[in-house]
Amino acid sequence: MDLVEFLVKTSTIVAVFGLTLVIAMYSTWAERKVAGFIQDRSGPNRAGWGGLLQPLADAGKMFFKEDFIPALANKWLFIAGPSLAMLTALLASAVIPFGSTFRVAGHEVALQGVESNIGILYVFGVVALGVYGIMVGGWASNNKFSLLGAIRAASQNISYEVAMGLSLIAILMMSSSLSLGEIVAQQHGMNWNIFYQPLGFIIFITCSFAECNRVPFDLPECETELVGGYHTEYGSMKLGFYLFAEYINMFISSAIISVLYFGGYNYPGMDFVYEQLVKSFGTETGHNIATLIGTAVFFGKALFFVFFYMWVRWTIPRFRYDQLMNLGWKKLIPLAIFNIIITGAAVLFLKPVITAWLN
Amino acid sequence: MNSAVSFFYFLSFLTILSAVMVVVSRNPIHSVLYLILTFFTLSGHYILLNAQFLAAVNIIVYAGAIMVLFLFVIMFLNMKQDQEEAKTNLTKIAATIVGGTVFVILFGAYRKTAIAPFDPQTYDSQIGMIESLGHMLFREYLLPFELASILLLVAMVGAVLLGKREIGERHF
Amino acid sequence: MQLTNRSKQVSNKQMTLAERAYLPAIATGLAITIKHFFAKKVTIQYPEVKRYLGPVFRGRHILKRDAEGRERCTACGLCAVACPAEAISMVASERVKGEENLYREEKYAAVYEVNMLRCIFCGLCEEACPKQAVYLRHDEFVPVFTERDQVIWGKDLLVEDMNNRYTREAWTKEEARALDAKRASGEVTSVVPRAIP
């Protein structure tokens with residue numbers, strides 16, 4: 001790897017890191033705005049134009065609150081909990097392809113932190129680790145309600161990981177690659193996976209709601225039953241980190257959804273735009289501009305799914321815990337296995353027939 | 001010493017340290033967390049060996065699923081320091097002898113094994129990648145692979161049967 | 001027996017497949033919420049925009065002056081007697097020569113105080129007043145107070161400012177009823193509010 005490539009990669013990673021944080025920050029604002037709009041209110045609008053400074057005000061408040069650690073809590077693990085939550089939330093963005101390639105001085109560099117041939121497994125592993133932040137924090141609080149919240153979160157995450165993984169397998173069978181960059185590249189030309197995998201998509205998005213602990217599956221946090229949830233004992237910025245991690249997770253899973261099912265940076269008419277840009281700006285600048293447009297499209301898709309999370313949150317009442325478990329184990333997992341069988345049959349038998357018929 | 005080798009030593013040091021801490025730490029939760037750290041460092045070793053699939057699967061299965069369940073159970077046990085049962089000297093001596101014997105046997109076994117010769121000309125650096133792994137598993141080792149999956153299926157059915165509520169039985 | 005026509009018969013029949021799948025119901029719900037997302041907001045931006053509270057709202061107190069600028073209050077104490085919260089207190093004083101342009105009656109309130117923490121804004125003082133001197137404004141609240149000494153309002157805050165007089169459509173019950181009757185029969189639609197009762 002030489003200097004140019006290194007610089008482009010580094011700036012991509014830094015930009016993605018910063019963007020993730022900014023998007024997570026403004027998701028808190030957007031959440032309140034969307035909640036307000038859906039409830040016929042106008043949401044926060046006092047701090048800055050349209051309430052845009054609200055996240056800063058919240059962060060300021062969080063920072064200046066007393067950083068309190070309960071006397072009987074396990075001090076190190078109490079601090080490690082939110083740190084782990086934040087760490088695992090931020091790790092996942094490393095393998096997401098945010099755009100196609102960037103041409104700088106004869107080098108072609110992918111707009112992706114790390115191009116790895118096990119990209120989706122990496123994401124899956126990081127998601128699987130996400131539960132530690134919650135469990136460690138909940139246990140270290142030395143509070144039965146926190147512990148119960150943590151246990152709820154953990155069992156929910158483990159249960160839904162299974163269905164999520166199974167719904168992913170159908171995608172992997174179609175793409176026959178684990179690399180996210182490859183999966184996106186295969187969806188070029190409106191070949192989006194959503195058209196082939198509607199059932200898989202529904203299972204996946206349901207599971208990602210559960211993994212992010214969002215309504216209708218926000219059982220780990222519950223004022224009426226658990227006082228607060230796994231973060232009952234937390235205050236100040238440590239609580240802020242937990243909440244922040246939830247929003248980062250939301251953005252990351254939206255990005256993953258748009259990568260896996262909605263073609264990532266692909267958009268209709270992409271080739272035409274690319275040709276026009278290359279014709280008018282030359283192969284280097286034109287290519288880069290086309291890439292940037294693709295990245296913008298990608299962020300548009302991801303942000304739409306962030307909005308969708310909020311939209312669902314303010315629409316659907318939550319599930320009961322046994323309903324959640326029943327849905328996960330008795331409905332989604334059989335459905336996902338059924339989806340795998342269907343996909344396998346289609347790849348084996350239907351695909352040759354259709355390709356033969358098309359040619 | 002190039003960077004890969006120094007990184008290897010660092011990782012090995014971390015692995016052994018956290019593995020020792022699993023045994024040494026008195027709090028079972030700490031033990032589990034150190035065990036998770038051990039799995040991470042092992043995944044690091046896999047990545048150094050260019051076996052990325054193995055690294056990811058190690059994290060997903062061990063750190064992501066099995067250790068969560070460990071943690072789960074231990075959190076429910078509600079262990080207190082003072083409730084720890086006193087171990088008699090006899091137990092301690094017996095444990096030391098058993099552990100030492102196992103260590104000696106392992107050490108002897110490893111001392112005798114010859115490390116496979118390394119030939120840079122024929123060495124395929126892509127051998128740990130998922131494609132070659134897939135070819136290997138689904139061509140040469142298809143039967144053992146399927147047998148393992150049947151074993152897992154049987155275990156799963158058994159677990160479901162054990163967990164199933166019988167007619168008339170109530171758990172609440 | 002049916003009390004309203006909005007009641008619904010509950011049935012426990014088996015759900016259809018579409019209902020059990022839950023997704024169509026979610027889609028319906030999402031459609032409803034997105035409709036509200038784009039609907040007009042009902043919020044009134046309070047400190048900047050103030051809603052008209054109607055002609056009968058009972059806000060802060062005012063001690064009226066008459067058309068010549070003389071205080072109408074004669075310190076009879078009927079408002080203090082009528083007040084259920086005992087928020088009003090006053091000290092009467094006799095008008096001396098030369099003060100005829102200040103006070104309308106021969107006796108006047110040298111001190112007139114309303115405890116705004118005790119006041120329940122019932123309007124009984126307004127009804128008790130024989131001189132039409134005390135009113136509860138329909139257009140102004142008691143502003144938020146942050147200090148203890150802002151709670152008791154003296155004459156400096158209560159007496160009407162002649163440059164910015166308090167106006168109303170109707171000042172007595174009879175006037176208001178007559179106005180209502182005229183409005184009901186369609187004779188009058190708008191009346192210019194005036195200051196002097």
Side-chain angles (χ1 to χ4, degrees), chain A residues 72 74 76-77 80-81 84 88 91 95 114-136 138-142 144 146-159 161-162 164-165 168 172 176-179 182 211 230 322 329-330 333, chain B residues 25-37 39-40 43 46-47 50-81 125-126 128-135 138 153 156 159-160 163-165 171-172:
Chain A
L72 286 175
N74 188 323
W76 287 108
L77 292 184
L84 274 175
T88 47
L91 268 177
V95 292
V114 183
E115 165 59 37
S116 159
N117 70 342
I118 48 150
I120 191 67
L121 283 183
Y122 171 82
V123 172
F124 205 65
V126 170
V127 167
L129 294 175
V131 69
Y132 280 116
I134 293 172
M135 277 193 97
V136 167
W139 181 80
S141 303
N142 199 8
K144 292 211 165 64
S146 299
L147 180 63
L148 280 177
I151 295 285
R152 274 190 182 194
S155 40
Q156 172 180 332
N157 278 26
I158 302 174
S159 311
E161 244 160 47
V162 181
M164 194 182 211
L168 270 179
L172 302 182
S176 59
S177 168
L178 287 172
S179 148
E182 180 68 28
E211 291 286 319
Y230 55 87
D322 62 324
W329 288 101
K330 294 189 185 164
I333 291 178
Chain B
S25 42
R26 301 187 64 82
N27 189 333
I29 298 272
H30 288 175
S31 286
V32 171
L33 293 176
Y34 278 120
L35 193 53
I36 294 164
L37 192 63
F39 284 131
F40 263 92
S43 280
Y46 288 139
I47 289 174
N50 214 7
Q52 299 173 0
F53 177 73
L54 217 54
V57 166
N58 186 41
I59 284 181
I60 293 172
V61 175
Y62 283 96
I66 293 180
M67 293 324 289
V68 173
L69 293 176
F70 267 54
L71 209 56
F72 218 91
V73 173
I74 289 171
M75 279 179 180
F76 270 135
L77 287 183
N78 190 23
M79 277 186 229
K80 297 250 167 63
Q81 303 274 318
S125 68
Q126 300 301 307
M129 290 294 179
I130 180 158
E131 289 87 359
S132 47
L133 202 69
H135 282 297
F138 288 102
L153 185 69
M156 206 162 79
V160 170
K164 208 171 175 234
R165 193 184 302 156
H171 291 296
F172 49 87

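Residue numbering restarts at 1 for every chain, and letters A, B, ... go by the order of the sequence lines.
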Trainee: Could you tell me which non-hydrogen atom of A:I118 sits nearest to which non-hydrogen atom of B:Q52, and how far apart they are?
Mentor: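 Where A:I118 meets B:Q52 most closely, the heavy atoms are CD1-O, 3.4 Å.
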Trainee: Quick one: pull up CZ in B:F40 and CG in A:L129 and give me the separation to the nearest 0.5 Å.
Mentor: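 The CZ atom of B:F40 sits 4.0 Å away from the CG atom of A:L129.
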Trainee: Supply the atom-to-atom distance B:I59 CD1 to A:F124 CZ, rounded to the nearest 0.5 angstrom.
Mentor: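 That separation rounds to 13.5 Å.
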Trainee: Quick check on B:F70: does its CZ atom have over 12 non-hydrogen neighbours (other residues, nucleotides or ligands) under 6.0 Å away?
Mentor: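 Check fails, neighbour count at 12 or below.
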Trainee: By a 4.5 Å heavy-atom criterion (distance strictly below it), what part of A:I151 contacts chain B: side chain, backbone, both, or neither?
Mentor: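 Its backbone and side chain both get close to chain B.
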Trainee: Tell me the closest heavy-atom pair linking B:I60 and A:L121, and the distance in Å.
Mentor: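 Closest approach of B:I60 to A:L121: CD1-O, 3.5 Å.
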Trainee: Taking CG in A:L72 as the centre, count heavy atoms belonging to other residues, nucleotides or ligands within less than 6.0 Å. Is the count above 12?
Mentor: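 Result for CG/A:L72: open.
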Trainee: Identify which part of A:N157 has an atom lying under 4.5 Å from any heavy atom of chain B, answering side chain, backbone, both or neither.
Mentor: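 Interface part for A:N157: neither.
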Trainee: Using a 6.0 Å cut-off, check whether atom CZ of B:F39 has over 12 heavy atoms from anything other than its own residue.
Mentor: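 Yes, the 6.0 Å shell around CZ holds more than 12 heavy atoms from other groups.
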Trainee: Please check this pair: side chain of A:Y132 against backbone of B:A63, looking for a donor-acceptor N/O pair closer than 3.5 Å.
Mentor: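 Yes, because the side chain of A:Y132 sits within donor-acceptor range (under 3.5 Å) of the backbone of B:A63.
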Trainee: When rounded to the nearest 0.5 angstrom, what distance separates CD1 in B:I29 from CG in A:L77?
Mentor: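 Interatomic distance, B:I29 CD1 to A:L77 CG, rounded to 0.5 Å: 8.0 Å.
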Trainee: Which atom names give the shortest non-hydrogen contact between A:A128 and B:G64, and what distance separates them?
Mentor: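 Here A:A128 and B:G64 meet closest at CB-CA, 3.7 Å.
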Trainee: Which bit of A:S177 comes within less than 4.5 Å of chain B, counting heavy atoms only: side chain, backbone, both or neither?
Mentor: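 A:S177 has no heavy atom closer than 4.5 Å to chain B.
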